[in-house]
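One-based numbering along the sequence shown.
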Amino acid sequence: MREETISSRPRAGGRVNLSALGWWTMNALQAAFAVLWSALWISLALLASALTRGPRTALAMARRIWAPGLLWAGRVRLEVHGRERVDFAQPHFFASNHLSWMDIPSLFTALPAPLLFVGKRELARVPFLGWYMAATGMVFVDRGRGVGAARSVAGVAERLRAGWSILSFPEGTRARDGRTQPFKSAGFQAAIESGIAVVPVAIEGADRVLPPDGFRARPGVIRVILGEPIPTAGLAREARADLARRTEQRVRELLAGGMLAARDTHAEPPRP
């Protein structure tokens, strides 16, 4: 299986000897860069979306400039495994575990396709981010049941049938302890309704680069591994729970398998 290194920085996991003040200063600079970089490129992407009357240019800017810039600022080395398993000329429903905010730039960079994310409806109220998501046609989902949830599923299915690839975090939130949580099944109904294959995606290391609590960024390796697509053609809508369980199990296997380097092969930098 081929491994691709997308972004290179100084050898990830190598010791970086900084004092507590040094780490605080570095993280403050990184946070400022992330805010300004995001505001700049989201503004340019919104302008491009308005001028081109479509999201493709704005999505390409995120994949080729915004996301790699954040990885560079975080001193992240991104490794991608299994990309040859997926025909990116076709739409897919990508289902990934969720560890950190760094998952988003990592997946944007790793997956060479115009990619629409599924996000919580609360994100629509976030300046710049919510505007960008709305302008590019990303799907806001309601966590509950009823009409809102049904509309969310319909929105995902509509975009899949239109030829877009969708990426979802079926756990519903970031894992606080690094362990994969049970996958919720709603999004998988959209994959079944549209007949689009589901691609299990395992992401590893993002929680060490940027823990889910606070902004304590550290250099490191983030690995993304793609599993074999799971066909959905011919599945009944009632099969969505089973499809979610199969995908979750495959993600767990990808994380546990020998295709990912052992976590202790790279020592973490000291944390103050």
Side-chain angles (χ1 to χ4, degrees), residues 4-8 30 32-74 76 78 80 83-84 86-96 98 100-141 151-152 154-169 187 190-191 194 196-197 199 201 203 206 222 224 226 229:
E4 301 173 63
T5 300
I6 305 298
S7 177
S8 288
Q30 289 172 320
F33 174 85
V35 170
L36 295 174
W37 182 257
S38 297
L40 170 64
W41 285 104
I42 288 175
S43 298
L44 293 174
L46 291 172
L47 177 61
S49 180
L51 291 175
T52 60
R53 297 185 180 182
R56 291 189 179 274
T57 300
L59 292 171
M61 292 167 72
R63 181 166 63 86
R64 297 174 181 173
I65 304 174
W66 172 77
L70 292 182
L71 297 180
W72 172 84
V76 172
L78 180 65
V80 183
R83 205 155 67 166
E84 70 280 358
V86 180
D87 178 7
F88 287 96
Q90 303 298 321
H92 291 86
F93 182 87
F94 295 94
S96 174
H98 195 11
S100 162
W101 280 110
M102 289 303 291
D103 295 347
I104 294 172
S106 298
L107 292 166
F108 251 134
T109 305
L111 302 177
L115 192 64
L116 302 181
F117 282 74
V118 175
K120 297 178 292 186
R121 184 157 300 279
E122 295 89 329
L123 295 176
R125 297 191 293 269
V126 178
F128 290 100
L129 176 60
W131 306 337
Y132 176 84
M133 293 180 70
T136 52
M138 298 196 188
V139 184
F140 296 108
V141 298
R151 286 176 179 170
S152 299
V156 174
E158 177 185 356
R159 286 158 178 77
L160 288 169
R161 284 192 291 264
W164 293 98
S165 285
I166 294 285
L167 190 138
S168 174
F169 297 112
S194 57
I196 298 297
V199 179
V201 181
I203 189 164
I222 295 178
V224 174
L226 309 180

If I compare all heavy atoms of [X] with all of [Y], which pair ends up nearest, and what's the gap?
X: Leu71; Y: Ser106; result: CD2-OG, 3.8 Å
X: Trp164; Y: Pro114; result: CZ3-CB, 3.6 Å
X: Gly69; Y: Phe33; result: O-CE2, 3.7 Å
X: His92; Y: Leu160; result: O-CD2, 3.8 Å

Just verifying a value: how many Å separate [X] [atom1] and [Y] [atom2], rounded to the nearest 0.5 Å?
X: Ile104; Y: His98; atom1: CD1; atom2: NE2; value: 5.5 Å
X: Leu115; Y: Phe94; atom1: CG; atom2: CZ; value: 6.5 Å
X: Gln90; Y: Ser165; atom1: CD; atom2: OG; value: 9.0 Å
X: Leu111; Y: Leu226; atom1: CG; atom2: CG; value: 6.0 Å
X: Ile203; Y: Leu107; atom1: CD1; atom2: CG; value: 4.5 Å
X: Ile222; Y: Leu78; atom1: CD1; atom2: CG; value: 6.5 Å

>> Would you say that Val80 contacts Thr109 through its side chain, given a criterion of any heavy-atom pair below 4.5 Å between the two side chains?
In response: no
> Is there side-chain contact between Ser96 and Phe169, with at least one heavy-atom pair below 4.5 Å?
Replying inline: yes
> How are the rings of Phe117 and Phe108 set to each other: parallel, tilted or perpendicular (split at 30° and 60°)?
Replying inline: tilted
Distance-only check: which donor-acceptor pairs under 3.5 Å involve side-chain atoms of residues 133-141, not counting sequence neighbours?
{"from": "Thr136", "atom 1": "OG1", "to": "Tyr132", "atom 2": "O", "distance (Å)": "2.8"}
{"from": "Thr136", "atom 1": "OG1", "to": "Met133", "atom 2": "O", "distance (Å)": "3.3"}

Do any side-chain atoms of residues 51-67 form donor-acceptor pairs under 3.5 angstrom with protein atoms, and if so which ones, sequence neighbours left out?
{"from": "Thr52", "atom 1": "OG1", "to": "Ala48", "atom 2": "O", "distance (Å)": "2.7"}
{"from": "Thr52", "atom 1": "OG1", "to": "Gly54", "atom 2": "O", "distance (Å)": "3.2"}
{"from": "Trp66", "atom 1": "NE1", "to": "Ser38", "atom 2": "OG", "distance (Å)": "2.9"}

